[in-house]
Amino acid sequence: MTLVISVETPLQDEIRHLVAELNAYMIPLTPREFQFQLTVEQMAEPSVTLFVARDETGRAVGMGALKEHGEGLGEVKRMYTLPEARGQRIGASLLETVERLARADGLSLLVIETGEAPGFEAAWRVYEHGGFEVCGAVLDYPDSGYSRFYEKKLS
């Protein structure tokens, strides 16, 4: 699959659809009060950069975002690949792209909050193969047992 990854606005129907699919996947896996999803409107804020992966037909097949928190800290958010496009390293490519921007912006640490339940194994593999290590709770997320946290030092 030929893949093009670029910065795009989340305020488009195709991205709203990807976000809805991601949310629908996650909702049954973790209690709602322990899901920390950015809306497309929140993803459009200046502190967030959204990357969209498109296939050779121009269809959006995946996304991932970098949310900058200041003081050298960035967070990987809204990583998702369509089920029919999985297994082609789209998630890994998106994660590498997010990391490249974080480094270019001078960030020293990237963190991730993801689910701890069965159903998140593919995400864990992407993060761990990308050099992220499991760590304790990050930012202001609760250490509820429903989240798994990762970090990667960039400098």
Side-chain angles (χ1 to χ4, degrees), residues 3 5-10 15-16 18-53 60-83 85-155:
L3 195 66
I5 297 176
S6 58
V7 174
E8 295 190 25
T9 177
I15 304 311
R16 289 180 190 278
L18 279 180
V19 169
E21 284 200 26
L22 171 57
N23 293 346
Y25 178 80
M26 289 176 45
I27 286 170
L29 299 178
T30 305
R32 291 288 286 155
E33 64 268 25
F34 298 108
Q35 293 185 27
F36 308 102
Q37 306 161 352
L38 291 180
T39 65
V40 291
E41 290 77 18
Q42 290 168 321
M43 291 165 59
E45 293 175 1
S47 63
V48 180
T49 303
L50 175 68
F51 292 97
V52 178
V61 293
M63 66 179 176
L66 171 63
K67 179 175 175 72
E68 296 194 30
H69 290 276
E71 298 186 21
L73 178 62
E75 181 182 9
V76 178
K77 295 292 288 179
R78 307 300 0 224
M79 291 286 294
Y80 183 69
T81 302
L82 290 175
R86 292 183 185 150
Q88 300 179 58
R89 299 202 76 248
I90 295 169
S93 296
L94 283 162
L95 188 61
E96 290 166 5
T97 303
V98 167
E99 183 178 333
R100 264 194 309 279
L101 175 60
R103 287 180 186 280
D105 285 355
L107 302 183
S108 57
L109 181 67
L110 275 178
V111 297
I112 301 170
E113 179 278 329
T114 191
E116 181 60 50
F120 287 97
E121 296 89 352
W124 302 337
R125 282 191 299 276
V126 168
Y127 303 143
E128 291 167 11
H129 287 147
F132 284 78
E133 297 179 351
V134 174
C135 64
V138 298
L139 298 166
D140 60 356
Y141 293 111
D143 192 4
S144 64
Y146 291 105
S147 294
R148 180 179 287 197
F149 303 99
Y150 287 94
E151 68 179 6
K152 184 173 184 178
K153 292 177 176 70
L154 303 180
S155 56

Subject >> Glu71 atom CD: more than 12 heavy-atom contacts under 6.0 Å >> reply: no
Original post:
With a 4.5 Å heavy-atom cut-off, do Gln37 and Arg32 have their side chains touching?
Top reply: yes
**OP:** State, yes or no, whether a side-chain contact exists between Ser147 and Phe36 at a heavy-atom distance under 4.5 Å.
**Re:** yes
Original post:
Side-chain contact, heavy-atom cut-off 4.5 Å: Glu21 with Pro83?
Top reply: yes
Original post:
Of the non-hydrogen atoms in Leu3 and Ala53, which two are nearest, and what is the gap between them?
Top reply: CD1-CB, 3.8 Å
Original post:
To the nearest 0.5 Å, how far apart are CG in Leu109 and SG in Cys135?
Top reply: 8.0 Å
Original post:
When rounded to the nearest 0.5 angstrom, what is the spacing between CZ in Arg100 and CG in Asp105?
Top reply: 13.0 Å
Subject >> Side-chain heavy atoms of Glu128 within contact of Tyr150, under 4.5 Å >> reply: yes
Subject >> Atom of Val98, atom of Phe51 and distance for their closest heavy-atom approach >> reply: CG2-CD1, 3.8 Å
Subject >> Nearest heavy-atom neighbours spanning Ala102 and Leu154 >> reply: CB-CD1, 3.7 Å
Original post:
If every non-hydrogen atom of Leu18 is compared with every non-hydrogen atom of Ala60, which pair is closest and at what distance?
Top reply: CD1-CB, 3.9 Å
Original post:
Thr30 and Gln35: side-chain donor and acceptor closer than 3.5 Å?
Top reply: no
**OP:** Report yes if some heavy atom in the side chain of Leu139 is under 4.5 Å from a heavy atom in the side chain of Glu75; otherwise report no.
**Re:** yes
Original post:
What heavy-atom pair brings Arg148 and Trp124 nearest, and what distance separates the two atoms?
Top reply: NH1-CD2, 3.2 Å
Subject >> From Tyr127 atom OH to Phe149 atom CZ, the distance as rounded to the nearest 0.5 Å >> reply: 13.0 Å
Original post:
Taking it one step at a time, do Glu68 and Leu107 satisfy side-chain contact (heavy atoms from CB on, under 4.5 Å)?
Top reply: CA-CA 8 Å; Glu68 296 194 30; Leu107 302 183; 3.8 Å; yes
Original post:
Does a salt bridge link Arg103 with Glu99, judged by any charged N lying under 4.0 Å from a carboxylate O?
Top reply: yes
Subject >> Residues, nucleotides or ligands: over 12 heavy atoms within 6.0 Å of Glu96 CD >> reply: yes
Original post:
Which value, rounded to the nearest 0.5 Å, describes the distance between Thr39 atom OG1 and Glu45 atom CD?
Top reply: 7.5 Å
**OP:** Taking all non-hydrogen atoms of both residues into account, name the closest pair between Gly130 and Leu95 and its distance.
**Re:** CA-CD2, 4.3 Å
**OP:** May I ask you to test the Pro10-Val19 pair for a side-chain heavy-atom distance under 4.5 Å?
**Re:** no
Original post:
If you round to the nearest 0.5 Å, how far is CZ of Arg78 from NZ of Lys67?
Top reply: 12.5 Å
**OP:** Mind checking the OG1-CE spacing from Thr114 to Met79? Nearest 0.5 Å is all I need.
**Re:** 9.5 Å
Original post:
Taking side chain as C-beta onward, heavy atoms only, is Leu110 less than 4.5 Å from Leu66?
Top reply: yes
Original post:
Does Tyr146 OH have over 12 foreign heavy atoms under 6.0 Å away?
Top reply: no
Subject >> Side-chain touch Val126/Leu94, heavy atoms, less than 4.5 angstrom >> reply: no
Original post:
Taking everything shown except His69 itself, do over 12 heavy atoms lie less than 6.0 Å from its NE2?
Top reply: yes
Original post:
So, are Glu41 and Arg16 salt-bridged, with charged N and O less than 4.0 Å apart?
Top reply: yes
